[in-house]
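Encoded as structure tokens, the structure appears first; notes follow it.
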Amino acid sequence: MLMANVAVARFFKANDIPALYRIHDEPATEAMQNLIAFLRAFSYKEKLSKGHLQKKITKALEFFKGHPKEHILHMLTLRSLAQAKYSPNNVGHFGLGFADYAHFTSPIRRYPDLIVHRLLKSKLYSRKGYRLISMGDLETSGTVLSAAEQRSVKAERQIRAIKKARFMSKHVGEEFDGVISSVTKFGLFVLLRQFDVDGLI
């Protein structure tokens with residue numbers, strides 16, 4: 001699947017076809033400094049600076065595999081990364097470590113993939129009525145589709161939160177071991193590993 005997505009993105013690039021890419025920017029400096037501080041606090045000695053950042057983050061996550069801190073570190077890493085989105089401006093996909101990447105393999109459930117299929121067909125089957133899409137229209141599509149994806153993710157999170165709250169309502173008054181997963185000005189978030197549920201104190 002990944003290689004099919006890469007191959008299509010490279011095809012667009014090689015043929016100068018304006019396309020809709022799946023992009024993922026490098027993490028912001030401040031976010032990376034926070035992650036590095038946590039890794040140091042967890043006694044991780046390797047440095048994340050100086051090139052191949054994606055591979056170094058992966059190596060750090062592998063180092064903590066099976067460790068009690070593994071889940072927290074995964075959460076902290078995800079929070080430090082930028083959000084992936086759709087755009088005609090191909091800046092690569094940091095998280096996957098690919099210079100060229102497009103969503104192509106799921107046209108029946110993702111509209112961006114359908115756009116990519118149509119663009120591919122415009123080059124391969126030009127006589128069948130498929131056409132290229134202007135950069136302006138691709139930029140608009142990327143913005144709209146990225147926003148739609150975020151709404152979908154937010155709705156999924158809300159449903160999960162409701163289901164977890166209903167489940168935990170059966171355990172009111174019980175005590176569980178927990179791990180502090182986040183600290184804010186208004187309190188602490190504690191994760192109950194037994195149920196993968198977190199809540200605010």
Side-chain angles (χ1 to χ4, degrees), residues 1-29 31-32 35-36 39 44 46-67 70-125 130 132-133 135 137-157 160 196:
M1 179 197 81
L2 293 174
M3 292 317 298
N5 289 340
V6 169
V8 169
R10 287 178 179 169
F11 179 85
F12 289 141
K13 190 175 181 180
N15 289 279
D16 288 324
I17 298 171
L20 195 61
Y21 295 93
R22 180 66 168 176
I23 65 167
H24 186 222
D25 284 320
E26 288 196 13
T29 305
M32 280 313 303
L35 180 59
I36 289 166
L39 285 169
Y44 186 72
E46 300 286 327
K47 292 184 178 179
L48 297 188
S49 56
K50 295 183 182 174
H52 302 293
L53 180 59
Q54 189 269 345
K55 289 181 181 178
K56 289 180 178 180
I57 291 173
T58 302
K59 187 178 176 185
L61 292 173
E62 286 171 358
F63 179 82
F64 286 98
K65 195 167 186 175
H67 195 278
E70 177 185 13
H71 187 80
I72 299 299
L73 189 57
H74 273 272
M75 283 177 28
L76 293 170
T77 303
L78 285 174
R79 287 178 192 165
S80 71
L81 297 177
Q83 193 72 45
K85 59 186 176 182
Y86 297 103
S87 173
N89 303 310
N90 182 21
V91 297
H93 197 296
F94 172 80
L96 295 174
F98 294 133
D100 306 295
Y101 194 71
H103 271 170
F104 165 77
T105 54
S106 301
I108 62 170
R109 68 180 180 88
R110 279 193 309 231
Y111 194 73
D113 300 50
L114 189 58
I115 291 173
V116 167
H117 274 249
R118 289 173 178 161
L119 290 169
L120 195 58
K121 288 176 182 177
S122 74
K123 178 69 175 176
L124 300 176
Y125 308 109
Y130 295 101
L132 295 177
I133 302 173
M135 276 297 278
D137 286 346
L138 285 170
E139 284 174 359
T140 301
S141 295
T143 301
V144 169
L145 293 168
S146 296
E149 180 185 31
Q150 288 309 304
R151 285 195 303 274
S152 173
V153 168
K154 186 177 179 182
E156 183 182 341
R157 277 197 200 118
R160 285 186 179 192
D196 192 27

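Excluded from the calculations below are hydrogen atoms, water molecules and symmetry mates; all remaining heavy atoms, backbone and side chain alike, are included.
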- Task: Check the pair L119 / Y130 against side chain to side chain contact (heavy atoms under 4.5 Å, CB included), numbers first and verdict last.
- Result: CA-CA 7 Å; L119 290 169; Y130 295 101; over 6 Å; no

- Query: Could you walk me through whether H74 and L61 pass the side chain to side chain contact (heavy atoms under 4.5 Å, CB included) check?
  - Reply: CA-CA 7 Å; H74 273 272; L61 292 173; 4.2 Å; yes

Quick one: does any side-chain atom of [X] pair with a main-chain N or O of [Y] as donor and acceptor, under 3.5 Å?
| X | Y | value |
| --- | --- | --- |
| N5 | F104 | yes |
| S80 | T77 | yes |
| S146 | Y86 | yes |
| S141 | D137 | yes |
| H24 | G95 | yes |

Provide the closest heavy-atom pair for [X] versus [Y] in the form atom of the first, atom of the second, distance.
| X | Y | value |
| --- | --- | --- |
| P88 | L20 | N-CD1, 4.3 Å |
| P27 | L81 | CG-CD2, 3.7 Å |
| D100 | A9 | C-CB, 3.6 Å |
| L145 | P112 | CD1-CG, 3.7 Å |
| T105 | M1 | OG1-CG, 3.3 Å |

In the structure I gave you, are the side-chain heavy atoms of [X] and [Y] within less than 4.5 Å of one another anywhere?
| X | Y | result |
| --- | --- | --- |
| I133 | R118 | no |
| I17 | F11 | yes |
| F98 | R10 | no |
| M135 | N89 | yes |
| F63 | L73 | no |
| Y44 | I36 | no |

Rounded at 0.5 Å granularity, tell me how far [atom1] in [X] sits from [atom2] in [Y].
| X | Y | atom1 | atom2 | answer |
| --- | --- | --- | --- | --- |
| L76 | L39 | CG | CG | 8.5 Å |
| H103 | H93 | NE2 | NE2 | 6.0 Å |
| L120 | L124 | CG | CG | 4.5 Å |

Worksheet item: Crowded around F94 CZ? As in, over 12 foreign heavy atoms under 6.0 Å?
Response: yes

Check your understanding: Does atom CZ of R79 have more than 12 heavy-atom neighbours from other groups under 6.0 Å away?
Key -> yes

Between E149 and the options K85, K154, R110, R22, the salt bridge (charged side-chain N to carboxylate O under 4.0 Å, His left out) test singles out R22

Exactly one of V8, I23, V6 clears side chain to side chain contact (heavy atoms under 4.5 Å, CB included) with Y101, and that residue is V6

